Every structure is written in C-alpha cells, then in structure tokens.
Amino acid sequence: MKKSFGKVVSILLAAMLLLAAGIVGAAADAPVTVTMAMTAPWETFIPFNTTNGNTDAVLELMFDKMIVVCADGNHEPRLADSWEQDGLVLTFHLNENAAWHDGTPLTADDVVFTCELMADPAINHPRRSKVGFFVGTDKSGIRLPEEEFGVKALDEHTVQFTMKEPAPLSYMMAMTFRDFYVLPKHLLEDIPAEQVMTHEFWQHPIGSGPCVFESSIAGERVEFTANKNYHLGAPQFDRFVVRVVAASNLLSGLMSGEIDIVAGAGLGNIPSNDWDMAQMQDNLVTESVKSLGYQYLAMNVNNVPKEVRQAVNMAINRNVLVNNLMRGEGEAAAGPLRENHPYFNPELLPIPYDVEKAAQMVKDSGFDTSRTYVLRVSKGNEVREKSAPLIQQDLAKIGIKVEIMTTDHPTHLAECRKGNYDFALIGSGGSPDPAESCINVRPGHVNNFSQNQDNSLYEKGMIEGFAVNSYEERLPIYQEYQMMLRDQVPFSWLYFQNDLVAYNKRISNVHFENFSLLNRAVWEWEIAK
C-alpha cells in the first residue's frame with residue numbers, strides 16, 4: 001500500500017513538473033505586445049490628407065518615408081540607404097530589401113507614383129505643397145501637364161527629385177521628406193484619382209513600415225502586428241497597439257501595465273500634477289525631454305490688426321504658463337526657435353511683458369472692445385487647454401473679451417484654416433532647420449492659420465534664406481526673419497513645453513527627443529521578455 005502510494009505521488013510530481021514546464025514554455029512563447037497611449041485620436045489613414053501629429057504617430061508605424069530626422073539635425077536612413085544633392089537635383093538610393101506588407105518589392109516607381117498622386121489636381125489634400133518644390137508643378141503642387149515631371153525613377157532603386165529653385169538640403173530633409181509617406185503603386189494605380197480618397201483601401205491599408213495594420217476602432221485604438229521582415233530589422237514585439245487615453249488616466253495605465261509607453265511630443269505627456277508620482281514608480285522610466293516643439297497663439301490678421309497683435313504679444317504672462325501649468329518644465333518662447341537653437345536671435349530677449357502699455361496700445365488703435373472675440377482650443381493637450389483661461393484673463397486686462405471654444409483637434413484645425421476664429425491655440429513640432437515656421441506664414445499655405453497675405457516673411461525665409469546653404473550665410477537671414485515675426489506678429493509664441501514622458505522598464509533604446517520629428521524608430525526598441 002505504501003509502495004503504491006509512493007508511486008502515485010511520484011507520478012503526480014512528475015505531472016506537476018511537466019505542467020509547470022509547459023506553463024513556463026507557454027509564457028516564454030507568449031506574444032509580446034506593446035501599447036502606446038496618446039490623448040487625442042488620429043483623423044485618417046490617408047498619409048497626405050493630414051497635418052495632424054496624432055495621425056502621423058499612427059502613419060509612421062505602417063508607412064515608410066525616405067529618411068528620418070533627428071533632434072540633433074542629422075538624418076538617418078529609412079527607405080533610402082543614402083542620398084546626395086547636386087545643385088537642384090536630389091537623388092535617393094533605396095534599400096533593396098524594402099517590401100510592402102503583401103510581399104511585393106518596394107521600388108522607385110512607388111515613390112514616383114506617390115508624388116504623381118499628390119500632384120494630381122483631382123485630389124485635394126493639405127500636403128500637396130510638398131511636391132510644389134519640384135519641376136512640373138505649379139507653386140501649390142498641382143501637376144502641369146505640359147511640363148515634364150521633376151520626379152523620376154532612374155532605376156529600380158534610385159529616384160531623382162529635380163527642384164524648381166534652390167533649397168537647402170537640411171530644409172528639404174527636415175520639412176519635405178520628414179512626413180513624405182510612400183504608397184503602393186501596385187494596389188492604387190488602377191483607382192481613378194477622384195476616387196482615391198474614398199477607396200476601401202484605407203479601411204485596411206497596406207504599407208511597408210515596421211507595423212502591419214490589423215484593425216481599428218475609430219477614436220479608440222489601432223492594432224498592428226509586427227513586420228518581422230522589415231528591411232531595417234524585425235521589431236522585438238509581436239503586436240503594437242495605439243490607444244487613445246485621457247491624460248488624467250495615463251499614469252494609472254502605466255502603473256497597472258495596461259499602457260507601456262506614452263506617445264510624447266505633446267500627443268501623450270504625463271500631466272504635471274502626476275509627474276512626482278510617476279517618478280516614484282519602480283516599474284517606470286521617466287524623462288523630462290527638452291523638445292523643439294512649441295505652442296503659439298495664432299491671430300487672424302483679418303480680424304485683429306497689427307497694433308493689437310503687438311499688444312496681445314506684450315500682455316501674455318508666459319512665466320505663469322511655464323511655472324504654474326508646467327511647474328517649470330518648459331521655457332517661455334520668444335519666437336519659433338528655442339534659446340539653445342543655433343539660429344536663435346538673442347535680440348529677442350527679454351520677451352516684452354507690459355500690461356499697462358499693451359492696454360494703452362489697444363485703446364489707441366480704436367479696436368472694438370465692446371464685442372466678444374473667439375479663442376479656439378482643441379482637446380487632448382492638457383497644458384494647452386489649461387492655458388486658454390489664463391490667456392483669456394491676460395486679454396481681459398487689456399480690454400479684449402474672448403469666449404473660449406473647445407473642439408476636437410481635427411475640427412479645430414479645419415475651422416482655423418477657414419479663418420473661423422479670432423485667436424487660436426496651436427502647436428508645432430519644430431525643427432532643427434530655422435525655416436520650419438515659414439510655411440505657416442506663407443500666403444495660401446494650408447498651415448497659414450493667421451490668414452497672412454504679406455509676402456515679406458515668405459520672401460525672407462523661403463527665398464532669400466534658400467538662396468544660400470552655409471550656416472554662416474543663413475544665420476543673419478533667419479535672425480532678421482525672427483525680428484520680422486516679432487514686428488508683424490501673425491502668432492504670439494508662448495512656450496516650449498518639456499515632454500514629460502514615461503515607459504515600462506522592460507523597454508529600452510527609446511529616444512523621445514526625436515518623437516516630435518515623427519521619428520519613433522520602434523524597430524530599434526529593445527524589449528525584455
């Protein structure tokens with residue numbers, strides 16, 4: 001009886017060991033999922049139909065670009081292994097292993113097709129100006145049928161861009177190619193141009209990036225599987241999920257493990273009130289990252305005259321925004337360039353702040369202070385939202401009454417583009433190149449939120465500034481450009497907010513300083529299992 005019992009125990013022990021081994025094996029083989037949270041939703045999966053950072057955070061996962069931009073001003077390969085500029089000609093040499101998610105090789109023909117699609121007059125989209133630099137298009141980027149197109153495939157893996165006018169390589173890389181996503185010719189070429197924007201392809205898009213689209217719930221989440229054949233290296237995760245999460249819930253999600261990393265770059269930052277608690281969590285890495293991205297108060301020049309815009313710029317207490325809303329994790333903005341930017345003009349300092357003088361300027365201008373003006377702000381960026389009532393108070397001190405109108409971000413941008421506002425809070429990712437803000441004051445450009453029609457800023461920044469290449473030649477031009485911005489005030493620059501970010505310690509090799517430049521490089525993230 002004892003012998004029999006001992007045998008049973010031995011069998012049970014062996015079974016338990018086998019079961020435990022099976023569980024361990026199953027755990028080791030369990031798929032690795034990374035969940036990234038941002039606080040506002042994407043608006044589309046059509047790469048050229050947006051200028052929304054939340055949308056770009058999704059697009060850069062599934063579609064490739066020629067290069068990626070780094071915060072230090074360098075450019076690194078993505079689709080292109082190498083590139084060179086010879087006068088007006090830019091040549092990219094594509095990675096020969098790049099392929100679409102369906103296995104079809106990606107070639108120079110795909111790049112040319114994408115440019116042709118973006119230049120097609122039958123398709124109206126906000127990124128058309130990106131192809132407006134190239135021969136064969138008008139200044140808005142529409143293809144001119146009587147001219148040869150300036151984008152050509154020299155061979156299967158070499159594509160050549162010929163510009164109409166000189167432009168520094170640093171600008172072309174940092175602004176034109178930073179968010180220039182390549183599309184699959186073999187899947188889209190048979191669709192009539194006028195039907196492209198509404199085609200079912202965008203319900204289940206196929207790209208060539210590190211993540212393969214699987215499913216989405218509008219406004220809530222997008223789910224991907226890893227592209228294990230990605231030409232720059234297989235990601236170390238099996239699944240990648242982008243979730244839309246309220247800013248107030250970011251830290252609790254990180255603490256519980258429901259979220260692995262925030263999107264950063266103003267798209268998913270830890271609220272300043274939660275920052276101390278975040279730094280105390282054993283499972284998290286936290287970083288306060290100085291970003292090139294800035295926030296500004298756009299002013300509709302058709303509704304707010306120059307003297308009043310100058311007064312508004314003088315009336316805003318930026319130190320309150322930085323110290324109270326960001327708890328010092330930021331920097332007051334004198335213009336579109338941070339003080340440590342190599343092109344920053346120190347003559348902009350100190351930033352003018354004189355409420356009494358500003359109030360007198362408004363009074364002397366004859367500005368109608370009897371009516372109430374519209375101050376637009378979008379949901380999703382906590383500091384930007386909270387800055388609206390503070391700016392409302394600042395404007396009230398100089399006699400200007402404003403009503404705050406809060407909407408979702410896509411609606412906010414659409415209404416600002418139409419000029420349906422007086423004042424509006426908007427953000428930009430910034431750039432290592434000093435000409436980044438020039439398109440925002442270019443008459444007719446989609447990001448000309450101020451409705452500016454004065455060509456002088458554009459001529460200084462994007463004609464005179466593009467006629468030279470060296471730092472020494474460009475420096476005085478962009479220092480003068482910054483002073484012109486200060487005088488004309490289409491925007492009142494507010495602050496550079498440090499990105500308060502956090503991620504699970506199982507993830508490493510993450511470079512948040514590049515996130516605002518649409519460069520998350522998720523295939524380089526190292527993930528402990």
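Since the structure is predicted, the reported quantities are computational estimates derived from the model, not experimental observations.
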Enquirer: If you apply the rule ring pair (Phe, Tyr, Trp, His ring centres under 6.0 Å), what do you find for Phe177 with Phe161, and how did you get there?
Expert: CA-CA 11 Å; Phe177 293 107; Phe161 295 81; 5.1 Å; yes
Enquirer: Suppose we screen for ring-ring contact (aromatic ring centres under 6.0 Å, His included). Which residues come up paired with Phe512, at least two apart in sequence or across chains?
Expert: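 ring-ring contact (aromatic ring centres under 6.0 Å, His included) check on Phe512 returns Tyr503, Phe515.
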Enquirer: Quick one, Pro126 and Leu413 - any side-chain contact, counting heavy atoms below 4.5 Å?
Expert: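 Answer no - side chains too far apart.
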Enquirer: Check the surroundings of atom NZ in Lys164: do more than 12 heavy atoms from other residues, nucleotides or ligands lie under 6.0 Å from it?
Expert: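 Buried by this count: over 12 neighbours within 6.0 Å.
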Enquirer: Search all heavy atoms of Asp238 against all heavy atoms of Pro31 and return the closest pair with its distance.
Expert: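 Closest pair (atom of Asp238, atom of Pro31, distance): OD2-CA, 3.2 Å.
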Enquirer: Compute whether any side-chain donor of one residue and acceptor of the other, for Thr50 and Asn52, lie under 3.5 angstrom apart.
Expert: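 No, Asn52 and Thr50 have no side-chain donor paired with an acceptor closer than 3.5 Å.
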Enquirer: Quick check: do Glu331 and Asn340 have side-chain heavy atoms less than 4.5 Å from each other?
Expert: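 Of all side-chain heavy-atom pairs linking Asn340 with Glu331, none is under 4.5 Å.
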Enquirer: Could you tell me whether the side chains of Ser428 and Glu436 share a donor-acceptor contact shorter than 3.5 Å?
Expert: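 A pair is found: one side chain offers a donor N or O, the other an acceptor, under 3.5 Å apart.
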Enquirer: Quick check: closest heavy atoms across Leu250 and Asn269, and the distance to 0.1 Å?
Expert: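 Scanning both residues completely, I find the closest heavy atoms to be CD1-O, 3.3 Å.
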Enquirer: Taking the side chain as C-beta and beyond, is there a heavy-atom pair between Val242 and Met38 under 4.5 Å?
Expert: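 Yes, their side chains come closer than 4.5 Å.
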Enquirer: Taking atom types as modelled, is there a side-chain donor on Asp56 or Tyr181 under 3.5 Å from an acceptor on the other?
Expert: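 Note: Asp56 and Tyr181 side chains meet the donor-acceptor criterion.
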Enquirer: Heavy atoms, side chains only, cut-off 4.5 Å: are Val441 and Gln488 in contact?
Expert: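 Counting from C-beta outward, Val441 and Gln488 never come under 4.5 Å.
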Enquirer: Quick one: does any side-chain atom of His412 pair with a main-chain N or O of Leu425 as donor and acceptor, under 3.5 Å?
Expert: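 Yes, the answer is positive, given that a donor and an acceptor are paired below the 3.5 Å cut-off.
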Enquirer: When the ring planes of Tyr296 and Phe491 are compared, do they come out parallel, tilted or perpendicular, using 30° and 60° as the limits?
Expert: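 Rings of Tyr296 and Phe491: tilted, as their planes differ by 30° to 60°.
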Enquirer: Is there a side-chain contact between Leu90 and Met172 in this structure, where contact means two heavy atoms from C-beta onward sitting under 4.5 Å apart?
Expert: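 In short, these two side chains touch, coming nearer than 4.5 Å.
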Enquirer: Is the shortest side-chain heavy-atom distance between Tyr343 and Tyr481 below 4.5 Å?
Expert: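 A side-chain contact under 4.5 Å is absent here.
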Enquirer: Classify the side-chain pair Ser431/Asp433 by whether it contains a donor and acceptor separated by less than 3.5 Å.
Expert: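 Distance-only check fails for Ser431 and Asp433.
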Enquirer: Between Thr158 and Asp155, does any side-chain donor sit less than 3.5 Å from a side-chain acceptor?
Expert: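 Yes, side-chain donor-acceptor contact under 3.5 Å.
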Enquirer: Would you check if Leu79 and Phe92 make a side-chain contact, meaning some heavy-atom pair closer than 4.5 Å?
Expert: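 No, every pair of side-chain atoms sits at 4.5 Å or beyond.
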Enquirer: For Glu214 and Thr225, which I'm curious about, is there any donor-acceptor pair between the side chains at under 3.5 Å?
Expert: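 Looking only at side-chain atoms, Thr225 and Glu214 do not form any donor-acceptor pair under 3.5 Å.
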Enquirer: Just checking Glu148: does its CD atom have more than 12 heavy atoms from other residues, nucleotides or ligands closer to it than 6.0 angstrom?
Expert: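 Counting neighbours around CD of Glu148, 12 or fewer heavy atoms of other residues, nucleotides or ligands fall under 6.0 Å, so no.
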Enquirer: Among Asp179, Thr51, Thr176, which residue satisfies the side chain to side chain donor-acceptor pair (under 3.5 Å) criterion with Arg127?
Expert: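 For Arg127, the side chain to side chain donor-acceptor pair (under 3.5 Å) test succeeds with only one of Asp179, Thr51, Thr176, which is Asp179.
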Enquirer: Got a sec: does the NZ of Lys505 have more than 12 other heavy atoms crowding it under 6.0 Å?
Expert: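 Yes, NZ of Lys505 has more than 12 neighbouring heavy atoms, counting only those of other groups under 6.0 Å.
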Enquirer: Side chains of His93 and Glu84: is there a donor and an acceptor less than 3.5 Å apart?
Expert: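 Per modelled atom types, His93 and Glu84 side chains form a pair under 3.5 Å.
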Enquirer: Would you say that more than 12 heavy atoms from the other residues, nucleotides or ligands in this model lie under 6.0 Å from the CD of Glu147, or not?
Expert: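 Buried by this count: over 12 neighbours within 6.0 Å.
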Enquirer: Cut-off 3.5 Å, side chains only: do Asn509 and His511 have a donor facing an acceptor?
Expert: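 A pair is found: one side chain offers a donor N or O, the other an acceptor, under 3.5 Å apart.
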Enquirer: Please step through side chain to side chain contact (heavy atoms under 4.5 Å, CB included) for the pair Lys460 and Ile477, ending with a clear verdict.
Expert: CA-CA 7 Å; Lys460 174 61 66 174; Ile477 294 172; 3.7 Å; yes
Enquirer: The test is side chain to side chain contact (heavy atoms under 4.5 Å, CB included); show your working for Val446 and Arg417 and say whether it passes.
Expert: CA-CA 7 Å; Val446 67; Arg417 289 190 176 109; 3.0 Å; yes
Enquirer: How would you list, by chain and number, every residue that makes a ring-ring contact (aromatic ring centres under 6.0 Å, His included) with His125, sequence neighbours excluded?
Expert: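 For His125, the residues satisfying ring-ring contact (aromatic ring centres under 6.0 Å, His included) (neighbours in sequence not counted) are Phe48.
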Enquirer: Can you find a pair of side-chain heavy atoms, one from Leu337 and one from Tyr294, that are under 4.5 Å apart?
Expert: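 They are not in side-chain contact.
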Enquirer: Using the rule given for side chain to side chain contact (heavy atoms under 4.5 Å, CB included), can you reason through Phe240 versus Met36, listing the C-alpha separation, both sets of side-chain angles and the distance that settles it, and then say yes or no?
Expert: CA-CA 8 Å; Phe240 195 97; Met36 182 177 77; 3.8 Å; yes
Enquirer: Taking atom types as modelled, is there a side-chain donor on Asn452 or Asp454 under 3.5 Å from an acceptor on the other?
Expert: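 No, because no side-chain N or O of Asn452 sits under 3.5 Å from a partner of the opposite role on Asp454.
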